[in-house]
There are 2 protein chains.
Amino acid sequence: MTPEQQGSAPTLEQVAKAAGVSRSTVSRVINDSPKVTPEALAAVRQAIEELGYVPNRAARILASRRTQSIALVIPENTARFFADPYFATVVQGIAMYLSDTDYTLSLLIAAEKDGEKTRRYLQAGNVDGALILSHHSDDRSYTQLARSIPVVFGGRPMSQEGSEAYYIDVDNVEAARNVTRRLIENGRRRIATIAGPADMSAGLDRLEGWRQALDAAGIPTHLVEHGDFSPAGGEAAMRRLLERGEEIDGVFAASSLMAQGALNVLRSHGRSVPHDLGLVTFDNDYAAQSSSPPLTTIEQPTVEQGRRMVDVLLHLIDGGTVSQITMMPTRVIERGSE
Amino acid sequence: MTPEQQGSAPTLEQVAKAAGVSRSTVSRVINDSPKVTPEALAAVRQAIEELGYVPNRAARILASRRTQSIALVIPENTARFFADPYFATVVQGIAMYLSDTDYTLSLLIAAEKDGEKTRRYLQAGNVDGALILSHHSDDRSYTQLARSIPVVFGGRPMSQEGSEAYYIDVDNVEAARNVTRRLIENGRRRIATIAGPADMSAGLDRLEGWRQALDAAGIPTHLVEHGDFSPAGGEAAMRRLLERGEEIDGVFAASSLMAQGALNVLRSHGRSVPHDLGLVTFDNDYAAQSSSPPLTTIEQPTVEQGRRMVDVLLHLIDGGTVSQITMMPTRVIERGSE
DNA sequence: TTGAAAGCGCTAACAG
DNA sequence: CTGTTAGCGCTTTCAA
């Protein structure tokens, strides 16, 4: 045990001394520079090993001007965010992919009141890039942020500047149209939708898909109630739909969580699916798979979406060229609930 | 618009110049030092405001040897982790509390293969402290880590060294005993349990609580099957329980997610709750509230648990004295499913 | 109370 | 391929 091993962490300088080389050489080894002789390399590696040396992150960042860390910005309502299997799995994709790299993930909660604080932090060069998830129409500040640092969105951003944004998404319009069509093919003619928030692109697009499917079949499209993608929101929307007193024989709920809420309300009203009315939804999570009845739904590659977000961001950080829009495939999962 | 505003972020030096003071004084203002005259303070504040100055994190860390960031270590299986409302809400508590402080949250995925990598990162002084969640019996390395930096566990750690660990928990034994007792009070006499993993304290403790309740009533305790706290795990366990061919009139599922899986299996076997058998569980999440039937369960303050974890950790970092064990209250929520 | 000066541990030209 | 030399932007004694 060398004396240096005591106390605090060993420095690069100590490694250099132990290996009998200069600090630069140690630095080169750490950074995988090819310009190091095998002997020097071996000596340094051994010294590093023996001393249990780990580079000081802050010093590296300061000297190199690269933070090797990226931010994951999520909305203030962390509760609902993580409670949604969709976001949970996207985050999983992000985290897993990142753990294979040297990048570190910083979780940033965007307080609605002062998004200012968040934006400043990001602009101050504390991260190499940012991932924005579940943004509403007030995502303007983030699309602008993209001028300072690389930014990748999960889902198409709403604001105008979004036309220059990089994002990963699925074709929500097409997917919603496809799954709604199942209801129609099954003879449903009075079809409602529990739409997502009107200030989120996924909400709007799925609503549009539903509308397109109905229009194509000459079915009226006035049976719309919005929810917030949560079970409670789905319950409330379904209740409002029933209170309208109109006949309804089919419902497209824009998220599996909302479908669960709707299912509960229907059940308590003694209306059975798919006997009395058809119910289809979006997201192939556990709830959709095992509710009774299991729900016909849209499957989207959520984990993969997270992976791709990171992928695009890292390319951007490296100054590479990537396509602005990455569309992931979806497919209808038939379960007979329509 | 001053020329400095162009290009990259302003530095402390620029603020000093603009305010007509030295860098030291600016630094003092940033760090809330009391030794600054009101005039100097005002001048600096204004300069900071005008320039939109944000301190460079890396430089601060390097100079002060405090990282102002803490790590949240979660298990490799990020998918299941976030899919569980329990963890999701604990993380919420952590994130929300932290966003009120100057600390930054780093998400660390503990690869099971080389937890070595994770541990080194933590020991290299990259964070001021760590929060460990959902650890199995192999949490030895983390309890040892506590010798190098402050560490707080969510849930009692399993390993021996755990006796010196700081942790936030609920009395799982008592809670499980209480909810199981409802089954007994309702006349159930052949009571099974879908227990959690045998390498997690929450799994073992809840099993023990179930056992105590049964022992007290003179009911045999051989009807045990383990799950992994997930819906799929609950399904499999319930299936194994039924395959035993023994009569069962009550089940305590150690997590709400497992209860949902069990409910699905029971339903497909034509056995109704609570008519044919009683079912009680743990966690008062949406699933437990709105499954059919809604489930009698244990409510625990999850968000608050996250908050307290951070609270204890920050106290530890500040060198303060905190009690090692923080127990949070639980209560039984009656819903008639027993 | 304030400023000057000396680093924190590392990277990045540059010359050799 | 290697070592020397300057900093990166901030904190922190120490004098003044």
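Fair warning: this is a prediction, and the values are worked out from it, not measured in the lab. Each chain gets a letter, A, B and so on, in the order the sequences are listed, and its residues count up from 1.
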Can you check whether [X] has a side-chain N or O nearer than 4.0 Å to OP1 or OP2 of [N]?
X     : N      : result
A:R57 : C:dG9  : no
A:T11 : C:dC8  : no
A:N56 : C:dC8  : no
B:R60 : D:dT11 : yes
A:S27 : C:dC10 : no
A:S64 : D:dC8  : no

Please state how far atom [atom1] in [X] lies from atom [atom2] in [N], giving the value in whole angstrom units.
X     : N      : atom1 : atom2 : answer
A:D32 : C:dT11 : CG    : C1'   : 14 Å
B:Q14 : D:dC10 : CD    : C1'   : 14 Å
A:Y53 : C:dG9  : OH    : C1'   : 7 Å
A:R23 : D:dC1  : CZ    : P     : 22 Å
A:I61 : D:dC8  : CD1   : P     : 17 Å
B:E13 : C:dG3  : CD    : P     : 13 Å
B:Q68 : D:dC10 : CD    : P     : 15 Å
A:K17 : C:dG9  : NZ    : C1'   : 14 Å

Side chain of [X], backbone of [Y]: donor and acceptor closer than 3.5 Å?
X      : Y      : answer
B:Q324 : B:A165 : yes
A:D169 : A:R156 : yes
A:S148 : A:Q123 : no
A:N31  : A:S27  : yes

Side-chain touch A:L133/A:V90, heavy atoms, less than 4.5 angstrom: yes
Would you say the side chain of B:Q305 lies within less than 4.5 Å of the side chain of B:R308, judging by non-hydrogen atoms?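 Not in contact.
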Contact class for [X] vs. all strands (heavy atom < 4.0 Å): base, sugar-phosphate, or nothing?
X     : answer
B:V36 : sugar-phosphate
A:V21 : sugar-phosphate
A:A40 : sugar-phosphate

Which distance, rounded to the nearest 0.5 Å, do you find between the OG1 of A:T25 and the NZ of A:K35?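 Rounded to the nearest 0.5 Å, the OG1-NZ separation comes out at 12.5 Å.
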Quick check on the helix from C:dT1-D:dA16 to C:dG16-D:dC1: what's the angle between its two end axes, five base pairs per end, to the nearest 10°?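 Result, rounded to 10 degrees: 30°.
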Would the number of heavy atoms belonging to other residues, nucleotides or ligands and lying under 6.0 Å from CG of B:D102 be above 12? no
Among C:dG9, D:dC10, D:dC1, the one nearest any side-chain atom of B:A59 is D:dC10
Under 3.5 Å, N/O pairs linking protein and nucleotides 13-16 of chain D:
none

For A:Q68, side-chain hydrogen bond (donor to acceptor under 3.5 Å, both in side chains) partners two or more places apart: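 Testing A:Q68 for side-chain hydrogen bond (donor to acceptor under 3.5 Å, both in side chains), a comparison that skips the adjacent residues, returns A:Y103.
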I'd like to know whether A:R66 forms a salt bridge (charged side-chain N to carboxylate O under 4.0 Å, His left out) with A:D318, so could you lay out the CA-CA distance, the side-chain angles of the two residues, the decisive distance to 0.1 Å, and finally the verdict. CA-CA 11 Å; A:R66 310 186 70 219; A:D318 286 347; 3.7 Å; yes
